[in-house]
Every structure is written in structure tokens, then in C-alpha cells.
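So that the names make sense, note that chain A is the first sequence line, chain B the second, and so on, each numbered from 1. Heavy atoms only: backbone and side chains are in, while hydrogens, waters and symmetry mates are out. Keep in mind it's a predicted model, so treat the numbers as computed, not measured.
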Protein chains: 2
Amino acid sequence: MAPKPAAPPDERTTRERILDIAIELFIEKGYDKTSLREIAERLGFSKAAVYYHFASKDDILLALHLRLHDLLREALAGLGEPDATADMWPLLLDGLIEGLIANRQLFVMHERNRAAFEQLHDKRHHEGDHEDLEGQLRGVLADHTVPLPTRVRMACSLGAVISGVMMAGDAFADVPSAELVAILRGAMNDLLGAAALAR
Amino acid sequence: MAPKPAAPPDERTTRERILDIAIELFIEKGYDKTSLREIAERLGFSKAAVYYHFASKDDILLALHLRLHDLLREALAGLGEPDATADMWPLLLDGLIEGLIANRQLFVMHERNRAAFEQLHDKRHHEGDHEDLEGQLRGVLADHTVPLPTRVRMACSLGAVISGVMMAGDAFADVPSAELVAILRGAMNDLLGAAALAR
DNA sequence: GTCTATATTTCGATAGAC
DNA sequence: GTCTATCGAAATATAGAC
């Protein structure tokens, strides 16, 4: 997941640079409390210039939503067939961990602005395509053909990974990624392994 | 934790009723996108009346912050001595689970408005008391005298419980609380038990 | 305690020059 | 592609009557 194009620091599109700054500010102050003026100023130009690259403020959030979506698409590709998902869950989660770490900022931003993203989703609801990722996830977790304990542990494992990764730039700031990944994999095994689910 | 006073539905203070409605709306639309006019209308009176009970919009969020704080204070009382905390963690978490479920709405609201709460915290930072709960938590997780794998699993377990509980009104809507609690306790044991930490 | 104004501010968004 | 200037909307907060 997420090889991350990682273009040379100065060959980034203006559009991309706006999004990068937006992530920073949306983490610091939150989406709603961040004005387009602030984004523009931090980039060294004016508000109107931002409007040349994005039709609206929502449009910026939407673009970030798409970044998230693209990153998760590969890792969660298996969410199509609800039956098989439970079995694939450990692998699915495994593929997720490294992507989460590599794009930590983006996911932290999402964590801290859930309400704003949900509102965005409601707007799209009245429009086109419905490849609602979060909805699919809920569907899997609500699937009654899978034993309840398994489903609960699936939900837990997801929260556990996210929580562990979010601390990576904080309480675990000095921990090498590889080490963190190894520990997380171990924890996920205890949570989802055959031995655990057989109980 | 959280015996929850649960006053008779109609003997609630107007102030309390405002807070209840605020929780609802902050979940539905988010803190920033919710206007005081909406809160007032849903209660059947006008915006100015709300200002009689709360000095500002921030003041409403602050009151909700205190509700959260009071609920967590008991459960996380052990966070005082950083050394002993790692040992007590399983018990600490155990005490948390039921409180989280009993006051799910409040915690969901917090989850979806993290940015707003953080901003609130920054303001208090320039003022009085510093019994910063979230800060203490970070301190414990950063404590280098505790083995890294243990700390990571502590962070994971917290995220796991929260994630599991949040789904309670959603994908696990039809699951009895007692059953959910039992499964969560089992999962936490696998994540934090002596066998797991000895690995 | 609750109401009807109203003051004030800020922000998203647009128009049009360069 | 970026600027200055401005419009219009909405929200917080206040004043003062009842």
C-alpha cells in the first residue's frame, strides 16, 4: 500500500502544496477554524489565488478525502465480498499498518476532523458514485454470518492499529517504524489469531 | 465508574437539557457547524435564552469537557504514579469499559470533535489548573522505564476499547452491553495478559 | 428566564485588473 | 496565476424590554 510518489520537494504542484499546508493547519486548528486566508498566507500568496486552484473550501477537504481514499483502496480491496472478509482481515490489516505510518499526518488530520469529513460525505450522498469505504466497513462488521466475537475483535484491531500509529509522532516519537510495525503485528496476532478466535 | 445520576427525564436543569441537545447536534453536524440558534430551536426557545445559561459557545463545549473529565477521573485515578501504571493498566481499562458504554453518546461526540476540544484546551493552557488528563496519558506512554512493547500494547488496548464501544450504537446496535463487555474483556486479556507481554 | 432587535466580526466567494 | 477590492451571508454576542 501507498508507495507514495514523493515528488521532489520543489517540483510539487501548487495544488499539492496547498493541500500539504491544509493538512498542517487542519491538524493545528481544525478544518472549520482554519480560514483560506491563513492557508494562502502560509504559502506566501493571497486568498484569491487559492480559489484559482480550488473551487471552494469544501473542495480542498474533498481532495484530501480522495488522497485518503486512494491510500486505503489498495489495502482494503478485499472488502468487496463480505463473507471472505473475516478470513482475510488479518492480512488486510497487515497491509494497512505500513501505509498508515507512511502517511501518518494525513490520517491524524482525518482523526481530528471526523465531523467535517462526515458532512462532506452527506453532500456526496445526494450525488454520484457510492463506493463508500466507511459504509462497506460497517457492513462487514454488521454481517451476522460472522460470529460476534470475531466481529468485535475486528473492530478492536482496527482501533488498536490506528491508536498505535497515531502515537507514533508523539509518545513513540523516537521509535523506529520497523520496530513499531513488528510490535503491532504481534498484537494483532494475539487479537485475531486462530487461538484467540477459537476461545 | 460513572454511576450516572440519571435524574428523572423532566427534572433536568435547563442547563443540562441544553447540554444534552448540544451533544446530539455536535454528533450530527459537528461543533463548528452547529449554531446556537439550532440548539435553542430544538429546545423550543430562542438563542438569547441559551446565553442566559452559558456565557459563550465555548462555554458549552467546556461544560461537556467537564462531563467527560468527571467520568474519566475515577476510572483513570491511577495515572498519578507513572511507575505503577503499567501494572494497573488492565484493571484501569477494565473499569473504563462500562463507563464508556454507559455514556457512549458523550464519547462519540468527543471522538468526532477532537479538533474543537483541543482548541479549547489550548485556551485553558494560559490559565489555571493543569490536571491535563490526556497529557498524563501521553506521559505514561512515553515513560521509558516501561518496555516499549508494553507501552505500544497499552496504546493499542485503549484504541481497541474505544473502537469497539463506538460501534456499539452502529454495527453492534443489537448486541447486549453485557455481551459486548465480556468480549472486550477477553480481547484486552489477549492484548495485555502476562502471556502476551512475556513474548 | 425568555424575548426581540441589533451590533460586530469574520469568512467564503466573486469581479475584474494585471 | 496572482492580485486588490468588495459583496453577501451567517454566526457570536449584547442591550434592553417583559
Roughly how many Å is it from NZ in Lys33(B) to C1' in dA9(D), rounded to a whole number? 14 Å
Please tell me if Ser46(B) has a side-chain N or O lying less than 4.0 Å from either OP1 or OP2 of dC3(C). yes
Across all chains, not counting sequence neighbours, the side-chain contact (heavy atoms from CB on, under 4.5 Å) partners of Pro149(B) are Ile183(A), Pro147(B)
So salt bridge (charged side-chain N to carboxylate O under 4.0 Å, His left out) across residues 160-169 of chain A, not counting sequence neighbours, yields none
For residues 58-71 of chain B, which residue pairs qualify under salt bridge (charged side-chain N to carboxylate O under 4.0 Å, His left out), counting only residues two or more places apart or in two chains? Asp20(B)-Arg67(B), Asp58(B)-Lys123(B), Asp70(B)-Arg73(B)
Interatomic distance where CZ belongs to Phe54(B) and C1' belongs to dT12(D) [whole Å]: 16 Å
Output one letter per nucleotide in nucleotides 12-18 of chain C: B when a protein non-hydrogen atom lies under 4.0 Å from the base, S when only the sugar-phosphate is that close, - when neither is. BBB----
Spacing between Lys29(B) atom NZ and dA10(D) atom C1', to the nearest angstrom: 12 Å
With a cut-off of less than 4.0 Å, is there a side-chain N or O of Tyr52(A) near OP1 or OP2 of dT2(D)? no
Any pair counted as salt bridge (charged side-chain N to carboxylate O under 4.0 Å, His left out), so long as it reaches residues 185-198 of chain B, sequence neighbours left out: Arg153(A)-Asp190(B), Arg199(A)-Asp190(B), Asp94(B)-Arg185(B), Glu98(B)-Arg185(B)
Closest nucleotide of DNA chain C for Glu38(A) versus for Gly44(B): which of these residues is on the 5' side? Gly44(B)
If the plane angle is over 60° it's perpendicular, under 30° parallel, otherwise tilted; pick one for Phe117(B) and His65(B). tilted
Inter- and intrachain pairs under side chain to side chain donor-acceptor pair (under 3.5 Å), touching residues 161-177 of chain A, at least two apart: Asp174(A)-His144(B)
If I take atom CD in residue Glu41(B) and atom C1' in nucleotide dA10(D), what distance separates them, rounded to the nearest angstrom? 14 Å
